[in-house]
Asker: 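Sending over a structure as structure tokens; questions will come in a sec.
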Number of protein chains: 2
Amino acid sequence: MRRVSESAVRRLSLYLRFLEEFEAKGIETVSSEALAARGGTTSAQVRKDLSFFGSFGKRGLGYPVRDLARRLRDILGLKRSYRVVIVGAGKIGSALAQYRGFGQRGFHIAAVYDSDPAKVGLEWDGQVVRDVSHLERDLEREPMDIAIVSTPAGAAQEVTDRLVRAGIKAILNFAPVHLRVPPGVIVRNVNMALELEALSYALRNR
Amino acid sequence: MRRVSESAVRRLSLYLRFLEEFEAKGIETVSSEALAARGGTTSAQVRKDLSFFGSFGKRGLGYPVRDLARRLRDILGLKRSYRVVIVGAGKIGSALAQYRGFGQRGFHIAAVYDSDPAKVGLEWDGQVVRDVSHLERDLEREPMDIAIVSTPAGAAQEVTDRLVRAGIKAILNFAPVHLRVPPGVIVRNVNMALELEALSYALRNR
DNA sequence: GGATGTGAATGTCTTCACAGCT
DNA sequence: AGCTGTGAAGACATTCACATCC
């Protein structure tokens, strides 16, 4: 399989979402044009993105909604479920822990950690906040697939190092720092202050 | 000024953050190499990014930390402050409303709206949740610079249309839908489920 | 007829490599 | 000598346009 770009993968996720909506409406076939309109891109882009992985459509007709959705779930690795650990039970961590959107996609928040004794033991939505000092011990017994780092900036690298040592291969980082990880560990960053600054830049340079 | 890429702007924000750290440590000069190491990029990239806006460094020496930080703040439009309105007081909206990181950068959450009568009137951190039906009326009296849309997917487009009609020019969208806006209005999307799916893809195709 | 699949062309971003200052 | 600033090269991503197939 050819290497496919970051942004192409994001678009695939979007397409999948739209396909699921179409499926719910009972629509059986969809054109690249229709997917594009929904996702703010072009039909050529849609076709190119999909063509990386095979040819799923019928010429003159379009793509079969149900099949394509299934294929995309497969491509994106969404046929299985994932156990997700959140480290950092601050504002963002707690919002994420309680966010419904993840579960629907097979991402199950299986544990939440914090270092603050005032937070440890609190229960959120059936989820007891655990003491981060037990992180390694717990991960050995209950392996996790993905970690979300939502600690303050200062703690993020140390937490990351511990997660990596405990075998975590994928990290979603909300702390506003660049995490150093060994090869083979994937990090994606979400930095909300950065997004606002990009808006600020755009507003200023309209 | 030449058009500069999305990703370059993001990097500028990162550089600014590092420069501020260096400044706090009393470091006066920094090389592109040092900035690159900190931000997970290359020195050539740093120099190229900065060169879009001028030449701020001294050859053989590096960049003056304080001056460059000031210039970046200027370039990014961070010398002023921004009034931010949040629409949607769910999990994410409330986390954002209470998140400290924004204020430090001059983004002040000036109002929070929701349509749920059970949430309207609640006070968070000095912020009373207002009824979204008053959105237009309020925005006329208290203009806002940036809107954060953190409603459920179904409400996002309608809320966006109302915000745009009320004169909002920049939107940070957390709802998992593509927002249609007229030209001149800037939208940036943060989709956390999408990020997890990108990790899922990466894990599967390691 | 109509929409896909895809090489080729175009456009954009990143990396290279070195001349030019300090 | 050291590090910036920057054209040129290279890599990558998007768009075009059309042959291909249902």
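So you know, we letter chains A, B, ... as the sequences are listed, proteins then strands, and number each from 1. Small disclaimer: the values here were computed from a predicted structure and weren't measured.
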Asker: Start at the 5' end of DNA chain C and walk down; is the nucleotide closest to Ser43(A) or to Ser5(B) reached first?
Answerer: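 Result: Ser43(A).
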Asker: Measure the distance from CZ on Arg11(A) to P on dC12(D) and round it to the nearest whole Å.
Answerer: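 Taking CZ of Arg11(A) and P of dC12(D), I get 16 Å after rounding.
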Asker: Would you call Glu21(B)-Arg17(B) a salt bridge at under 4.0 Å N-O?
Answerer: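 Looking at Arg17(B) together with Glu21(B), the answer is no, because their closest N to O distance does not fall below 4.0 Å.
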Asker: Using whole Å, what does the distance between atom P of nucleotide dA8(D) and atom CZ of Arg47(B) come to?
Answerer: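 Atom CZ in Arg47(B) sits about 17 Å away from atom P in dA8(D).
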Asker: Hey, does the side-chain of Arg59(B) have a donor or acceptor N/O within less than 3.5 Å of a partner on the base of dT22(C)?
Answerer: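 Donor-acceptor pair under 3.5 Å: no.
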Asker: Could you check whether Ser32(A) gets within reach of a base, just the sugar-phosphate, or nothing at all, counting any heavy atom under 4.0 Å?
Answerer: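 Answer is sugar-phosphate: Ser32(A) comes under 4.0 Å of backbone atoms only.
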Asker: Can you find a donor-acceptor pair, distance only, under 3.5 Å between Lys58(A) side chain and dG5(C) base?
Answerer: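 Checked by distance alone, the answer is no.
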Asker: So does Glu20(B) pair up with Arg73(B), basic N to acidic O under 4.0 Å?
Answerer: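 Judged by the 4.0 Å cut-off on N to carboxylate O distance, Glu20(B) and Arg73(B) do form a salt bridge.
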Asker: Of all the choices, dG5(C), dT4(D), dC16(D), which nucleotide is nearest to the side chain of Ser51(A) once you look at every atom?
Answerer: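 Of dG5(C), dT4(D), dC16(D), dG5(C) is nearest to the side chain of Ser51(A).
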Asker: For Glu136(B), I'd like to know if atom CD has over 12 heavy atoms of other residues, nucleotides or ligands within 6.0 Å.
Answerer: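 Yes.
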Asker: Select one nucleotide: of dT4(D), dT14(C), dT14(D), the one nearest the side-chain heavy atoms of Ser7(A).
Answerer: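 Taking heavy atoms from C-beta onward, the closest nucleotide is dT14(D).
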Asker: Rounding to an integer number of Å, can you tell me how far Phe52(B) CZ sits from dC13(C) P?
Answerer: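 Interatomic distance, CZ of Phe52(B) to P of dC13(C): 8 Å.
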Asker: Write down the distance between NZ (Lys48(B)) and C1' (dC13(C)), rounded to a whole number of angstrom.
Answerer: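 The distance from NZ of Lys48(B) to C1' of dC13(C) comes to 10 Å, rounded to the nearest Å.
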Asker: At less than 4.0 Å, is any side-chain N or O atom of Thr42(B) found next to OP1 or OP2 of dT15(C)? Yes or no.
Answerer: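 Yes, such a contact exists.
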Asker: Distance check needed: dA3(C) P versus Gln45(A) CD, whole Å only.
Answerer: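 Roughly 19 Å, once rounded to whole Å.
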Asker: When you measure from the side chain of Asn173(B) to the backbone of Val177(B), do you find a donor-acceptor pair of N or O atoms at a distance under 3.5 Å?
Answerer: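 Indeed, once roles are kept as given, a pair shorter than 3.5 Å links the two residues.
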Asker: Nearest-Å distance, CD (Glu33(A)) to P (dC16(D))?
Answerer: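 Those two atoms, CD and P, are 12 Å apart.
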Asker: Atom CG of Asp49(A) and atom C1' of dT6(C): how far apart are they, to the nearest Å?
Answerer: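 Result: 13 Å.
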Asker: Can you tell me how far C1' of dC3(D) sits from CG of Leu50(B), to the nearest Å?
Answerer: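 Interatomic distance, CG of Leu50(B) to C1' of dC3(D): 13 Å.
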Asker: Can you tell me if Tyr63(B) touches the phosphate of dG5(D), counting only side-chain N or O atoms and a distance under 4.0 Å to OP1 or OP2?
Answerer: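 So the side-chain polar atoms of Tyr63(B) do come within 4.0 Å of the phosphate oxygens OP1 or OP2 of dG5(D), strictly under.
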Asker: Are Arg80(B) and Asp145(B) within salt-bridge range, i.e. N to O under 4.0 Å?
Answerer: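 So Arg80(B) pairs with Asp145(B) through a salt bridge.
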Asker: Need to verify one output field. Residue with the more 5' nearest nucleotide on DNA chain D, Gly60(A) or Gly62(B)?
Answerer: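 The answer here is Gly62(B).
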